[in-house]
Every structure is written in structure tokens, then in C-alpha cells.
Trainee: 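Got a structure here, written out as C-alpha cells. Questions coming.
Basis for what follows: all heavy atoms, side chains included, without hydrogens, waters or symmetry-related copies. Note on naming: letters A, B, ... go to the chains in the order of the sequence lines (proteins, then strands), and numbering restarts at 1 for each one.
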Protein chains: 2
Amino acid sequence: MATKRATINDVASLAGVSIATASKALNGRQDVRAATRERVLAAAAQLSFQPNALARGLLSGQTRTVGLLTSDSVGRFGIPVLLGAENAFGAGEMAVLLCDARGDAIREQHHLRALLSRRVDGLIVVGESTDPRPSVSKDLPVPVVYAYGPSEDPEDVSFVPDDVGAAAMAVNHLLALGRRRIAHVTGPTHYKAARDREEGVRLALEAAGLPQAGQTLSGPWSQRWGRHAAEMLLMSEPEIDAVFCGSDQIAAGFVEAARERGRRVPDDIAVVGYDNWEVLSTETRPALTTVDMNLESLGRTAAQHLFAAIDGKATPGVHKMPCQLVIRDSTSPPGIS
Amino acid sequence: MATKRATINDVASLAGVSIATASKALNGRQDVRAATRERVLAAAAQLSFQPNALARGLLSGQTRTVGLLTSDSVGRFGIPVLLGAENAFGAGEMAVLLCDARGDAIREQHHLRALLSRRVDGLIVVGESTDPRPSVSKDLPVPVVYAYGPSEDPEDVSFVPDDVGAAAMAVNHLLALGRRRIAHVTGPTHYKAARDREEGVRLALEAAGLPQAGQTLSGPWSQRWGRHAAEMLLMSEPEIDAVFCGSDQIAAGFVEAARERGRRVPDDIAVVGYDNWEVLSTETRPALTTVDMNLESLGRTAAQHLFAAIDGKATPGVHKMPCQLVIRDSTSPPGIS
DNA sequence: CTCCTGGACTTAAAGGTTTTCGGAAACGTA
DNA sequence: TACGTTTCCGAAAACCTTTAAGTCCAGGAG
């Protein structure tokens with residue numbers, strides 16, 4: 001804890017110039033003699049002067065601060081987006097004001113007001129699922145970008161992972177390995193993510209002219225459900241040779257149960273997970289081939305588009321960001337692993 | 001995107017009073033007639049007036065904002081602390097400015113300057129491990145509280161989990177179950193966390209007058225190492241009846257390998273993990289008894305003490321926060337599970 | 001000598017809010 | 001009427017910085 005903070009006034013006095021000159025010297029403007037500039041900079045350094053961002057913002061109307069409003073307290077999906085955004089901002093001179101509404105609309109409104117009162121230049125809203133959520137952008141004096149969970153309003157700017165495309169990519173990968181009896185185990189159907197991934201599976205199999213092995217099985221996103229689904233599936237569709245799972249947790253459970261029932265992964269059954277949650281995907285045996293939603297990149301992109309929107313170049317619509325298949329041992333061709 | 005923001009001037013004009021009166025009415029001060037106050041509030045509501053926090057902060061010298069400086073990009077430990085802090089702040093009217101230095105001292109300095117320039121009222125520094133880290137507090141005009149990773153300077157305020165006590169608690173739990181041949185598998189010894197937990201094990205066993213089963217085994221914090229350690233340990237110390245693991249990942253690996261070698265958990269070997277990382281601890285079979293460091297509570301406490309420090313009531317020193325043993329099936333008494 | 005140019009610097013205003021102090025009106029009392 | 005008190009409201013300063021406009025001076029051209 002040091003003494004009172006120095007203002008530009010102190011710097012100017014110490015350097016023996018007016019505050020206007022001091023300001024110009026500090027901001028690298030031209031009409032200051034080199035010697036004077038030196039004196040000012042030396043004075044500023046000596047007082048360890050930091051310009052007051054409040055005063056600056058008050059004058060310019062720009063705070064170089066954005067609000068990040070998340071509903072996802074547990075943070076599985078919000079955190080990577082947050083980090084991506086923070087990185088995109090941190091590279092410049094932006095700062096992130098973080099608010100967690102914990103899924104409560106009232107609290108969200110409250111945080112929204114607080115952020116506006118702090119005169120943020122823009123807002124990123126991170127959803128807790130890919131289901132569309134009510135827009136907050138109506139009559140807001142700053143631009144808003146939605147990440148992970150899109151806005152219901154198509155005029156807003158949203159960035160979401162391309163779940164349909166990713167699921168199709170996963171199935172195509174299995175098809176390319178020669179698998180023909182592909183099953184699908186996923187999360188609760190009230191999640192748009194689950195429905196989208198099912199749609200992707202359907203499209204890929206249709207394009208290949210193949211039927212799906214059994215019905216899509218829906219349950220919780222958990223490992224426990226993965227085990228349970230494996231038992232059901234190996235009973236009802238014993239001839240399956242591949243499974244696409246809606247999460248790495250489900251996939252990990254599936255692999256475990258399959259192995260206990262004497263099915264080898266990947267030789268007998270190839271398994272693809274979703275999320276690339278590394279604690280699971282790299283530590284299961286075999287390590288999981290899985291879909292990485294590139295959430296950090298999605299967050300970064302959202303931040304960049306927020307910049308653009310702040311500059312008046314908004315890009316309305318729901319933008320689907322490509323996912324990536326991370327290939328590991330659970331889909332190695334037979335005989336390799 | 002709406003029109004220009006209303007200022008208190010607009011509110012005053014619309015209500016037909018001066019800005020001074022408007023300010024008093026809005027802030028609930030006494031010397032305003034009830035009817036006048038009504039008019040002002042109605043005008044503010046009509047214009048959806050939000051007081052400009054910049055102007056207010058400029059005047060009062062308080063921004064009601066704190067900086068949260070983390071080095072832990074991956075966020076395993078930082079995130080819960082962050083959430084706890086955010087919750088403690090969010091309850092009031094504080095906001096959190098988030099900065100991630102990604103372990104880079106230069107970047108940290110940069111962020112520090114940016115935060116000070118924004119006139120934060122205080123700072124929370126979240127370490128990436130429990131190893132003491134260089135202080136940033138020297139000659140800072142705002143109070144700083146360290147969470148998870150303490151400052152090297154004992155004059156600073158730090159909150160860390162009580163690893164020694166937690167490890168002793170875990171071992172005592174095993175002793176209470178009647179286990180007498182207790183082994184310890186942990187992470188790399190260059191982590192203070194690993195050394196502290198070893199110390200806790202030693203203290204608890206000494207107090208019970210028992211030797212440790214084998215040497216403490218050090219390796220990565222990973223599941224793979226847990227499996228490897230299990231194989232080594234079951235070979236060299238086949239008579240062990242309990243293991244305390246330095247992480248849930250290690251414990252999960254240990255359980256898996258032990259089961260494959262025909263040892264039943266918990267009947268033959270009781271296992272205790274560390275971190276209570278739920279995706280692992282509740283999904284392994286059996287579910288893991290594990291130490292929960294209460295990081296969210298730690299973050300909340302740090303935030304509360306930051307408030308106190310802002311009010312001039314700092315509490316210097318390294319404060320060890322109690323951990324909690326979450327008891328699950330991996331330490332059930334024989335015959336129960 | 002005057003006028004003009006350009007460089008180096010200063011003055012003052014602006015941004016939005018809070019707060020202190022003074023003023024005015026209303027009312028009661030001598 | 002004169003005066004004191006209370007109640008309500010307004011003027012202005014303060015917070016810190018940036019910037020437009022203005023001042024001053026030296027030096028060159030006419």
C-alpha cells in the first residue's frame with residue numbers, strides 16, 4: 001500500500017509544464033519539443049503515474065471494457081469460451097468484466113444493468129447449452145454477441161458449434177474405417193445438442209445408404225448411462241461394430257462396459273466420443289477418438305466479432321463454427337492398436 | 001442498439017428540477033419533497049436512466065470493482081476460486097475484472113498496470129499451485145489477497161488449503177476403518193502440495209505409532225501413473241490394505257489397476273483420492289472417498305477478506321483453510337458395499 | 001518596419017455525477 | 001413589521017483527462 005496516486009497534474013508540476021503539454025507528451029503527440037517530452041516522461045516514471053481510465057473513459061465514451069455474462073456456473077462449456085475471449089481481448093488493451101448469472105433471469109438483468117452502468121463497450125453472452133435463449137439485445141446501447149448458446153432473435157450475432165456437421169463427420173470417420181453397423185447413444189432429447197447430433201448421424205448414414213444400428217438411445221450425459229446403454233445395446237443389437245456417443249462421459253462408460261462384456265475396443269467396436277474433455281478422453285483405455293468443439297477458438301471468434309460490432313460492422317445471424325475430430329486409439333483400424 | 005444514453009441532466013430537465021435535486025432524489029437523500037422525488041424517479045424510469053459509474057467513480061475514488069489475476073489458464077483450481085469470489089462480490093454490487101496471465105510474469109505486470117489504471121479497489125491473485133509465488137503487493141495503492149497459491153511475503157494476505165491437515169484427516173479416516181498397512185501415492189515432489197500431503201501422512205501415522213507401507217511413490221498427477229503405481233505397489237508391498245492418493249486421477253487409475261489384479265476395493269484395499277473432481281470421483285466404481293479442498297469457499301473467503309482489507313482491516317499471514325473428507329464407497333467398511 | 005508562418009506551449013471546456021453551501025420561500029413568533 | 005427557523009431547491013466546485021482554440025515568440029519575407 002503506497003501513498004496517494006499521482007495525477008497528470010502532479011506530473012506536469014514536476015516537469016514544469018502545463019497538464020495539456022504533459023498529456024501530449026505522454027500520448028506521443030507531435031507538437032512537443034523532444035527535451036520537454038523527456039522531462040515529462042521522466043516525471044511520470046518517477047511518480048509511477050498511471051492515467052486514470054475512468055477520466056479517460058468519461059471523456060471518450062469508450063471504456064475498452066467488455067462484459068461477459070455467463071449462465072453456466074459449473075463452467076464446462078463457459079470456461080473455454082471465456083478463456084478464448086479473454087485471450088482475444090488481452091492481446092489488445094481490452095479488459096473483461098465477468099458476471100455469472102447462475103441461470104437466474106433476475107440475476108441476469110441485475111448484472112446487465114450493472115454492466116451498462118459501468119459503460120462496457122460490448123457484451124458477450126455465454127449460454128449454458130446450445131439451445132436458443134431469450135435475447136437481451138433489445139434496446140441495448142451496446143452490441144452483443146452470443147457464444148455457445150445462440151439468441152432466439154436471428155438479428156442478433158451468435159456463434160455456436162456445428163453439432164450436425166460434427167456428428168456427420170464422426171459417422172463418416174467410422175464409415176471410412178469400414179464400419180457398417182453404427183449405433184448412436186446420446187444425451188437427453190430436450191437438449192438441442194442431442195437432437196442436432198442425431199440429425200447429423202441420420203444425414204451421414206442416409207448419404208451412405210445405410211440404416212442405423214438400433215434406435216438412438218437417449219439418457220443422461222453421464223458415464224453411468226454410457227455403461228447402461230452399452231449393456232442394452234449389446235443385448236439388442238449384438239452385431240454392432242461402432243458407436244457414436246454424445247459425450248466423452250457416455251463413451252467412457254460404454255468402453256468400460258463393452259470391455260467387461262468381452263468386446264474389444266476398437267477391434268470389435270469402434271467408439272467415438274464428444275467434447276474432447278481431456279481428463280476422460282486421453283485417460284480411458286483406449287484413448288478416445290472424440291469431437292472437439294474448439295470452444296476456445298469459438299470464444300476468440302466471438303470476441304473478434306464483438307470488436308467488429310463495436311466498430312459498427314455487425315454480422316447478424318447464427319454462425320456455425322466447425323468442430324474437429326481428434327483421432328485416438330478407440331477408432332484405430334483393427335490389428336493396429 | 002438504442003439511442004444516446006440519458007444523463008442525469010436529461011432526467012433533471014424532464015422532471016423540471018436541477019441536477020443537484022435529481023441526484024438527491026435518485027440517491028434517496030432526505031432534503032427532497034416527496035412529490036419532487038416522485039417526479040424525478042418517474043423521469044428516470046421513462047428515460048431508463050443508468051448513472052454513469054465512471055463519473056461516479058471518478059468523484060468518489062471507488063470503482064466497486066476488483067481485479068482477479070490468475071495464472072492458471074487451464075483452470076482446474078483457479079475456476080472454483082474465481083466462482084467463489086464472483087459469488088461473494090455478486091451478492092453485493094461489486095464487479096470482477098478478469099485477467100489471465102497464463103503463467104507469464106511479463107503479461108502479469110501488463111495486466112497489473114491495466115487493472116490499476118482502471119482503478120480497481122482491490123486485487124485477488126490466484127496461483128496455479130500451492131507453491132508460494134512472488135508478491136505483487138509492494139507499493140501497490142490497493143490491497144491484495146492471494147488465493148490458493150500464497151505470496152512469498154508473509155506480510156501479504158494469503159488463503160491456501162490445509163494440505164497437511166487434509167492428508168492427516170484422510171489417513172485417520174483409514175485408521176478408523178481398521179486399516180493398518182497404508183501406502184501413499186502422490187504427485188511430483190517439486191509441488192509443495194505433494195510434500196505437504198506426505199507430511200500429513202507422516203504425522204498421522206506417527207501419532208498412531210504405525211509405519212507407512214512402503215515408500216511414498218511420486219509421479220505425475222495422472223491416471224496412468226495411478227495404474228503404474230498400483231502395479232509397483234502390489235508387487236513390492238502385497239499386504240497393503242489402504243492407499244491414500246494425491247489426486248482423484250491417480251486414485252482412479254489405482255482402483256482400475258487394482259481391480260484388474262484381483263484386489264477388491266474397498267474390501268481388500270481402501271482408497272482415498274484428492275480434489276473431489278466429480279467427473280472422476282463419483283463416476284469411478286466404486287465412487288471415491290476423496291478430499292475436497294472447498295476451493296469455492298476459499299475463493300469466497302478471500303473475497304470477503306479483500307473487502308475487509310479495502311476497509312483497512314487487513315489480516316496478514318498465510319491462512320490455512322480446512323478441507324473436507326467426502327466419504328464414498330471406496331472406503332466402506334468390508335461387507336457393506 | 002510590418003506581416004506572416006509555424007512551433008511550442010497554455011487556457012479552458014467538456015464529460016457525468018456528487019456534495020457543499022447558500023438562497024429563497026413559507027411559516028411561526030415577538 | 002421584523003426576525004428566526006425549517007424546508008426545499010439550485011449554483012458551483014470537484015474528480016482527471018483530452019483536445020480545440022488561443023497565446024506568445026522567433027524568424028523569415030516583403
Trainee: Which is true for A:Thr7 with a 4.0 Å heavy-atom rule: it touches a base, it touches only sugar-phosphate, or it touches nothing?
Mentor: sugar-phosphate
Trainee: Can a side-chain donor-acceptor contact be found between A:Arg56 and A:Thr63 if the only test is distance below 3.5 angstrom?
Mentor: no
Trainee: Hey, is the side chain of B:Ser23 poking within less than 4.0 Å of OP1 or OP2 on C:dT17, counting only N and O atoms?
Mentor: no
Trainee: Using heavy atoms to find the nearest nucleotide of DNA chain D for B:Arg119 and B:Ile19 separately, return the residue whose nucleotide is more 5′.
Mentor: B:Ile19
Trainee: Using whole Å, report how far CD of B:Gln30 lies from P of C:dT20.
Mentor: 15 Å
Trainee: Using 30° and 60° as the class boundaries, would you call the ring planes of B:Phe307 and B:Phe89 parallel, tilted or perpendicular?
Mentor: perpendicular
Trainee: Can you tell me the distance, in whole Å, between the CG atom of B:Asp10 and the C1' atom of C:dG15?
Mentor: 13 Å
Trainee: Pick from B:Leu123, B:Val144, B:Val120: which one makes a side-chain contact (heavy atoms from CB on, under 4.5 Å) with B:Leu112?
Mentor: B:Leu123
Trainee: Do we see a donor-acceptor contact under 3.5 Å between the side chains of A:Ser71 and A:Arg102?
Mentor: no
Trainee: Walk along DNA chain D from 5' to 3' and tell me the first and last nucleotide with an atom closer than 4.0 Å to a non-hydrogen atom of chain A.
Mentor: D:dC16 to D:dT19
Trainee: Check the distance between C:dG16's C1' and A:Leu116's CG and give it to me in whole angstrom.
Mentor: 16 Å
Trainee: Whole angstrom is fine here: how far is it from CG in A:Leu58 over to C1' in C:dT18?
Mentor: 13 Å
Trainee: Using the closest heavy atom to pick a nucleotide of DNA chain D for each, name whichever of A:Asp31 or A:Asn9 lands nearer the 5' end.
Mentor: A:Asn9
Trainee: With a 4.0 Å cut-off on heavy atoms, is A:Arg29 in touch with a base, just the backbone sugar-phosphate, or nothing at all?
Mentor: sugar-phosphate
Trainee: Assign A:Thr36 to base, sugar-phosphate, or nothing according to its heavy-atom contacts below 4.0 angstrom with the strands shown.
Mentor: sugar-phosphate
Trainee: Calculate the interatomic distance between B:Phe49 atom CZ and C:dT18 atom P; express it in whole Å.
Mentor: 7 Å
Trainee: Taking for each residue the nucleotide of DNA chain C with the nearest heavy atom, is it B:Asn52 or B:Lys24 whose nucleotide lies nearer the 5' end?
Mentor: B:Asn52
Trainee: B:Asp131 side chain to B:Lys192 main-chain N or O, any donor-acceptor pair under 3.5 Å?
Mentor: yes
Trainee: Indicate yes or no: at least one non-hydrogen side-chain atom of A:Leu116 is less than 4.5 angstrom from one of B:Arg5.
Mentor: yes
Trainee: Taking only the side-chain nitrogens and oxygens of A:Arg33, find out if one of them lies under 4.0 Å from OP1 or OP2 of C:dA8.
Mentor: no
Trainee: Is there a side-chain polar atom (N or O) of A:Ser18 under 4.0 Å from OP1 or OP2 of C:dT10?
Mentor: yes
Trainee: Checking A:Asp156 against A:Ser135: is there a side-chain donor and acceptor pair closer than 3.5 Å?
Mentor: yes
